[in-house]
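What you see is a predicted model; the values in this text were computed from it and never measured. One-based numbering, in listed order, for ligands and for the atoms of each. Below, all heavy atoms of this structure are taken into account, side chains as well, without hydrogens, waters or symmetry copies.
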Amino acid sequence: MPANLLEIRNLSRSFKLGGMVLGKRIVAVDNASLRLPGDKPQIMSIVGESGSGKTTLARMILRLLTPTSGDIVLGGVPLSVYGKRRNRKAFLKKVQPIFQNPFTSFSAQRTVDSYLFETALNLDVAANRKEAQEVVTEVLRSVGLELAAVKGKYPNQFSGGELQRISIARALIPKPSLIVADEPVAMIDASLRMNIVNLFRRLKDEYNVSFVYITHDLSTAYYVSDYIATMYRGQLIEFGEARSILNDPSHPYTELLLDSIPRVGNKWDENVVLSDTDAAEAGSAGCRFSGRCPYVREACRAAEPYMVDIAPKHQALCIMHNDYQTIDTGRS
Ligand SMILES: Nc1ncnc2c1ncn2[C@@H]1O[C@H](COP(=O)(O)OP(=O)(O)O)[C@@H](O)[C@H]1O
Ligand SMILES: [Mg+2]
């Protein structure tokens with residue numbers, strides 16, 4: 001059995017806001033656990049409304065943020081062996097980021113190709129400029145661009161979509177096992193989003209690379225994913241194989257999200273964006289979704305739910321399934 005590609009174990013991250021004494025603590029990611037199998041490259045989407053903790057989770061996977069508690073294990077190796085600075089190069093050979101705004105990923109004063117050459121040389125993919133040129137040519141072709149058309153140009157000479165393609169090309173240079181893309185299509189023209197997402201699907205096989213694809217654009221997520229993780233107010237509330245989740249959404253929030261996207265067979269041109277977290281619900285006891293849940297009952301407000309297996313590769317954080325399990329197995 002190959003090691004899991006990615007394993008997240010009881011991961012939490014909190015932030016202090018305000019003063020030491022009267023300050024408030026925000027738990028941005030709250031005890032999240034998941035396992036992404038390593039038998040083949042995967043695209044795992046992390047979906048959830050704004051403020052649900054997606055970026056905090058991504059930044060921890062990228063080692064840009066230290067967890068408050070818990071572990072992240074990549075290919076059997078705990079990421080804690082890589083410090084924020086220590087072993088940064090070794091880490092970047094394995095895990096590469098793609099950020100939301102391609103115009104801030106590249107300095108306006110530098111040619112875009114200089115970043116690509118620098119990455120190839122710094123990460124020891126190429127020993128000299130000539131080798132670097134071969135590498136850069138190849139990765140640009142993989143995203144549908146020619147070096148000749150990119151060379152010598154500055155960021156403002158490209159569209160957002162082209163620049164994001166170049167970010168993706170740059171991320172491919174060390175042939176990483178994982179690319180973490182935080183809202184990579186959010187700043188891109190809606191009509192071009194599916195192109196970028198389709199590119200992930202092709203590169204996954206071509207480069208044997210997995211993607212953590214963070215988005216609140218659900219239509220692209222459901223279209224591209226092998227696995228889906230849904231976050232709600234810091235908690236991972238459902239995780240599993242995309243097919244299983246699409247056929248049988250097992251958390252009422254995921255169900256709600258699925259109802260809001262265009263159905264298969266319809267056009268995927270509608271941009272579904274989640275609303276912001278309802279601040280009024282903060283502080284209630286029990287299940288965090290109980291205030292919005294159409295199936296809510298007394299028990300939901302009494303105690304925190306825990307993750308329950310729905311299928312072999314599918315879990316949900318909902319008390320409804322505790323009952324189902326009891327019925328299924330005859331246990332009390
Ligand atoms: N550096 C920080 N300091 C304080 N609070 C933060 C910080 N980063 C994120 N948060 C808070 O953590 C929560 C989750 O944020 P984030 O991970 O950015 O969510 P998402 O990416 O899903 O929109 C939010 O309430 C946000 O305000
Ligand atoms: Mg975010």
Under 3.5 Å, N or O to N or O, is Lys54 touching ligand 1 that way? yes
Quick check on atom 4 (C) of ligand 1 - does any protein heavy atom sit closer than 4.0 Å to it? yes
Residues joined to Ile26 in its hydrophobic cluster, side chain to side chain under 4.5 Å directly or through other members, sorted by chain and number, are Leu17
Within 6.0 Å of OH in Tyr295, more than 12 heavy atoms from elsewhere: no
How close do Pro102 and Phe106 get, counting heavy atoms only, and between which atoms? O-CD1, 3.3 Å
Ile237 to Met307 - nearest heavy-atom pair and separation: C-CE, 4.1 Å
Regarding Arg35 and the six-membered ring of Phe239, is the cationic atom NZ or CZ under 6.0 Å from the ring centre and inside 45° of its axis? no
With no hydrogens and no angle check, is any side-chain donor or acceptor of Arg202 less than 3.5 Å from a backbone partner on Ser142? yes
NZ or CZ of Lys175 within 45° of Tyr207 ring axis and under 6.0 Å: no
Would you mind listing which atoms of ligand 1 come within a distance below 4.0 Å of any non-hydrogen atom of Glu49? 22 (O)
Counting only protein N/O/S atoms, those under 2.8 Å from the Mg ion (ligand 2) total 1
Salt bridge (Lys or Arg N to Asp or Glu O under 4.0 Å) partners of Glu298, counting only residues at least two apart: none
Distance only, no hydrogens: is a donor on one side chain within 3.5 Å (strictly under) of an acceptor on the other, for Glu238 and Thr254? yes
Could you list the atoms of ligand 1 found under 4.0 angstrom from a heavy atom of Ser50? 23 (O)
Would a search of protein heavy atoms around atom 27 (O) of ligand 1 find one under 4.0 Å away? no
Tell me whether the NZ or CZ atom of Arg110 lies within the 45° cone about the ring axis of Tyr154 and under 6.0 Å from its centre. no
Exactly one of Arg165, Arg170, Gln164 clears side-chain hydrogen bond (donor to acceptor under 3.5 Å, both in side chains) with Ser167, and that residue is Gln164
For atom 6 (C) of ligand 1, which protein heavy atom lies nearest, and how many Å away is it? Phe15 CD1, 3.3 Å
Nearest non-hydrogen atom to atom 15 (O) of ligand 1 belongs to which of Thr56, Ile46, Leu17, Ile214? Thr56
Ligand 1 contact on Met231 by region, counting heavy-atom pairs under 4.0 Å: neither
Closest to atom 24 (C) of ligand 1 (judged by heavy-atom distance), picking from Gly53, Ser52, Ala58, Gly51: Gly51
For ligand 1, which atoms have a heavy atom of Thr55 less than 4.0 angstrom away? 17 (O), 18 (O), 20 (P), 21 (O)
Top protein contact for atom 12 (O) of ligand 1, by heavy-atom distance: Ala28 CB, 3.2 Å
So which pairs with a foot in residues 90-101 pass salt bridge (Lys or Arg N to Asp or Glu O under 4.0 Å), sequence neighbours left out? Lys93-Asp124
Geometric N/O contact Ile26 with ligand 1, under 3.5 angstrom: no
Of the backbone atoms (N, CA, C, O) and the side-chain heavy atoms from C-beta on, which set of Val29 has a member under 4.0 Å from an atom of ligand 1: side chain, backbone, both, or neither? neither
